[in-house]
Amino acid sequence: MEEKKPSTADILAKIRAQKAAAAAAAGETQGAPADAPATPAADVSTSPPAAATPAAAAPAPKPPAAPGAKPGSTKDILAAIRAGGAKPAAAAASVTPAAAPVPAASASTTPAASAPAAAAAGPRPSVQEMLKAVREGKAGTMAAQPASAAPAKAASVAAPPMPAKPVATAKAGKTEPVRRGLAGLSTVAIFSAACFVLGFMLGSKMLLVSGALVWALLMTPFAAAWASLLGIGGIWTLGTARFMFPNVLVEPPSKFKVGPLSDYPINTVSNKWKDQFGIWIVHTDQYEGRNMIFALTSVCTHLGCTPNWLDGEQKFKCPCHGSGFYITGVNFEGPAPRPLERAGLRIAEDGMLEVNKSVKFQEEMGQWTDPTSFVNVV
Ligand code: FES
């Protein structure tokens with residue numbers, strides 16, 4: 001069965017009764033009633049938390065004092081401690097019976113704990129020496145402390161650990177990758193753009209895929225934005241440069257030489273220049289009974305198709321609507337409304353036949369009589 005815990009009022013009343021009894025005993029034996037009551041009073045007033053717990057507040061038996069030691073006031077005890085005497089230490093021990101559960105750290109931090117040793121060994125250590133001793137013996141002191149006994153005080157004694165010094169390379173490590181990144185990403189952007197441009201120009205899928213892979217693997221959003229800007233600027237520049245070179249239809253020259261007269265026998269049609277220049281060279285004596293050479297354009301006068309010379313039938317036949325033309329170029333069948341047209345022809349200074357397609361001669365207009373529309377063969 002549990003005992004009923006005494007209340008704080010009971011404890012205080014008990015302590016006061018003990019104080020009165022001690023004062024009476026001191027007055028009888030030593031004749032110094034003024035000092036004796038002061039000690040327990042100081043004890044109670046300075047350690048109220050200890051009195052709050054029954055174990056600590058229970059009037060502990062007074063520790064055996066050294067022979068001849070007198071309990072003094074707190075002020076006297078502190079003065080004696082500062083002076084380094086052994087007697088005040090003993091007095092302090094007797095004055096603070098409830099201070100027994102106080103952790104060793106508190107004892108080690110007060111000069112009173114080291115005072116007896118200092119008095120016995122010689123001169124009293126300085127404050128710096130005591131602090132040094134406390135710091136060096138911190139581990140042992142902490143180990144000796146109960147787990148629940150004033151950890152905050154031990155923490156205040158222990159020197160806080162020095163913060164880790166920032167590594168000197170941290171700053172460089174922060175900026176260096178940026179520089180490396182810019183250079184590397186610029187290289188990647190140029191490489192990818194070159195792959196894309198060459199891939200488009202050469203039609204190489206391998207280059208396009210390579211550029212896309214490099215772009216996807218190594219690009220960051222920042223570099224991608226810059227590369228896109230540069231790419232758009234490059235495309236814009238190329239478009240502007242292309243605009244400076246307008247489309248030009250390259251046509252064959254309007255004047256060209258087709259060889260000497262001897263290359264074209266009478267009553268023959270040469271297809272040699274049809275594909276390249278769009279003309280036939282005709283040598284015939286069937287037009288008005290005159291032996292002549294002329295150049296006929298290979299354009300149907302119906303709707304512009306290209307007729308074919310049928311050597312077996314000795315006629316030009318248009319494949320589109322069936323128009324037919326004699327060897328002279330005069331139409332005789334189909335929808336063609338008029339004869340084929342002649343181009344200019346002359347004998348050049350070197351004796352070669354020279355065709356001039358820039359001029360046209362139409363039979364229905366009476367232009368075939370123009371001497372520049374044919375060459376007489378004698
Ligand atoms: Fe030649 Fe119609 S285009 S016959």
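Because the structure is a prediction, the values reported are computed rather than measured. Each ligand, and each atom within it, is numbered from 1 in the order the structure gives. Heavy-atom basis, side chains included; hydrogens, waters and symmetry copies ignored.
For the 3.5 Å distance criterion, the side chains of Asn308 and Lys274 qualify, holding a donor opposite an acceptor.
Between Asp350 and Lys257 a salt bridge is recorded (basic side-chain N to carboxylate O distance below 4.0 Å).
Through direct or indirect side-chain contacts shorter than 4.5 Å among Ile, Leu, Val, Met, Phe, Trp and Tyr, Phe256 is connected to Val258, Leu261, Tyr264, Trp273, Phe277, Ile279, Ile281, Ile293, Leu345, Ile347, Leu353, Val355, Val375, Val377. Applying the under-4.5 Å side-chain rule to Ile, Leu, Val, Met, Phe, Trp and Tyr, the cluster around Val330 extends to Val269, Trp280, Val282, Tyr287, Met292, Phe294, Leu296, Trp309, Phe316, Phe325, Tyr326, Ile327, Phe332, Leu340, Val359, Phe361, Trp368, Phe374.
In this model, Cys305 has its SG atom within less than 2.5 Å of the SG atom of Cys320.
With waters left out, the protein N, O or S atoms under 2.8 Å from atom 1 (Fe) of ligand 1 add up to 2.
Residues meeting the side-chain contact (heavy atoms from CB on, under 4.5 Å) test with Asp285, sequence neighbours left out: Ile266, Asn267, Asn291.
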